[in-house]
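I have placed the structure first, in the form of structure tokens, so that the comments after it can refer back to it.
Convention: sequence-line order gives letters A, B, ...; per-chain numbering from 1.
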Number of protein chains: 2
Amino acid sequence: MENSGPWSAEAAVATGGRIRALRAQRGISLSELARRAGVGKATLSGLETGTRNPTAETLYAIAGQLGVPLAMLLSTPGGPLSVPEVRGTAVAAQLLEAFQDGGVSTELYRLEIRPGVLQTSPAHPAGVVEYLTVFSGTAQVGRVGEPIVVRAGEHASWDSDTPHTYAALGDEPVRASLLIRHPLEPVG
Amino acid sequence: MENSGPWSAEAAVATGGRIRALRAQRGISLSELARRAGVGKATLSGLETGTRNPTAETLYAIAGQLGVPLAMLLSTPGGPLSVPEVRGTAVAAQLLEAFQDGGVSTELYRLEIRPGVLQTSPAHPAGVVEYLTVFSGTAQVGRVGEPIVVRAGEHASWDSDTPHTYAALGDEPVRASLLIRHPLEPVG
DNA sequence: GGCGAGTGTTCCATAAACGGAACGCTATCG
DNA sequence: CGATAGCGTTCCGTTTATGGAACACTCGCC
């Protein structure tokens, strides 16, 4: 899903076309869907033709009536699982999921570390902890000066409020899951 | 207007919370993110506090700057995202990824354990190891007779070649990631 | 042919989302 | 100390998304 770009006219037309296709697939008219979703016909018409910039409320109402996840309206059929990649010198990371729960927010990444390169990450805010579980390969990670060697089938964690590094030992790239846990500061 | 769709005040607050969490994890201020995304500070502030009903354009701009798919801002984990799910008496699991690599097959699941119920899994073939990282709640897992308590922000692993159990301690459900590693050829 | 019920689009007043400029606040500095 | 810079929130005029109504059009029916 290449949604990193801005909300362009093409994105609007593509989203509108997907809505129209799903509606046609269900054999219901524009007026009918608008009535069921509780939005104006003008709104739905403009949305399907790509001449509007809908609000979250409108999108939710329509996706709900079509019975599809919102991601299906907004993403290209190319790959709902292909999430954007964050690339560093040695590390390529894909965000698998992220949520907050209680006073803690969590991000789960899939990680691949290329061999032969060392990547240093700057310090995160205090209280951030990273958890690494290695699928294959051997990783050397952790805070600068306190390296931890993690082999396939092992896991490790470290406070990431200081600079820390990622590297793959040996020739084989490292595949792992990285979980970043971050306590939220109290919100007024 | 009436809450005719899933976009309620709670959804707005939840979405805002996810944005705020992702922003905090990246260590950038509200002003900074607003400037990078090209939206007004008032817009972002109202969005994070759940007092606005953002447009697709605004959401795209912010998701793009955070480097996450838009669906991750809008959808609840375990919600409308259509990922194959495996349900047991106490455990609901969704496969996040799976691959084989060097004679070892690895599967990464998102796990939710409901409180008040104990689930027992039969023994897997020899050599299978499970790794659990808990996001929130407190889990009691592991081989029968050797229970391990894993609190939020901890991880544990156990050989699963004997029957093993999953349970949530306390009232809160447990969210965690479970990694199952099994060699393609029997070990030992 | 006329007629009614349906379609999707366009017009328009209203409601609300937008961004800029204030605000109060907390740190940090000279 | 006061000055400055940053933070997140609130105020406010402008922009724009919204839904109802009117529109032109296509059917099925008598």
Using heavy atoms and a sub-4.0 Å distance, could you list which residues of residues 35-48 of chain B are near DNA chain D? By number, please. B/K41, B/A42, B/S45

Find out if a path of hydrophobic residues (ILVMFWY) with successive side-chain heavy-atom gaps under 4.5 Å connects B/Y166 to B/I148. yes

Scan the side chains in residues 30-38 of chain B for donor-acceptor partners under 3.5 Å anywhere in the protein, sequence neighbours excluded, and list what turns up.
residue : atom : partner : partner atom : Å
B/E32   : OE1  : B/R35   : NH2          : 2.3
B/E32   : OE2  : B/R36   : NE           : 2.9
B/E32   : OE2  : B/R36   : NH2          : 3.3

Sequence neighbours left out, what passes side chain to side chain contact (heavy atoms under 4.5 Å, CB included) with B/A12? Give chain and number order. B/W7

Close N/O contacts between protein and nucleotides 3-6 of chain C (under 3.5 Å):
none

Mind calculating the distance between CG (A/N53) and P (D/dT15) to the nearest angstrom? 16 Å

Does A/T55 make a side-chain N or O approach to OP1 or OP2 of C/dA17 shorter than 4.0 Å? no

I want to verify a distance call: between C/dC18, C/dG8, D/dT18, whose nearest atom is closest to the A/P54 side chain? D/dT18

Rounded to whole Å, the CG-P distance (A/L30 to D/dC25) equals 19 Å

For A/E57 and C/dA16, give me the distance from atom CD to atom P, rounded to whole Å. 10 Å

Taken in chain and number order and not counting sequence neighbours, the residues that satisfy side chain to side chain contact (heavy atoms under 4.5 Å, CB included) with A/A167 are A/L118

Taking only residues two or more places apart in sequence or in another chain, which ones pass side chain to side chain contact (heavy atoms under 4.5 Å, CB included) with B/P115? B/A168, B/P173

Between B/W158 and B/H164, what is the ring plane arrangement, given parallel below 30°, perpendicular above 60°, and tilted in between? tilted

The single option from A/T49, A/T15, A/L47, A/L44 that satisfies side-chain contact (heavy atoms from CB on, under 4.5 Å) with A/R20 is A/T49

Can you identify which nucleotide, out of D/dT18, D/dG8, C/dA17, has its nearest atom closest to the A/R52 side chain? D/dT18

If each of B/L59 and A/T49 is mapped to the nucleotide of DNA chain C with the nearest heavy atom, which maps nearer the 5' terminus, i.e. the 5' end? A/T49

So which atom in A/R18 and which in A/L73 form the shortest heavy-atom distance, rounded to 0.1 Å? NH1-O, 2.7 Å

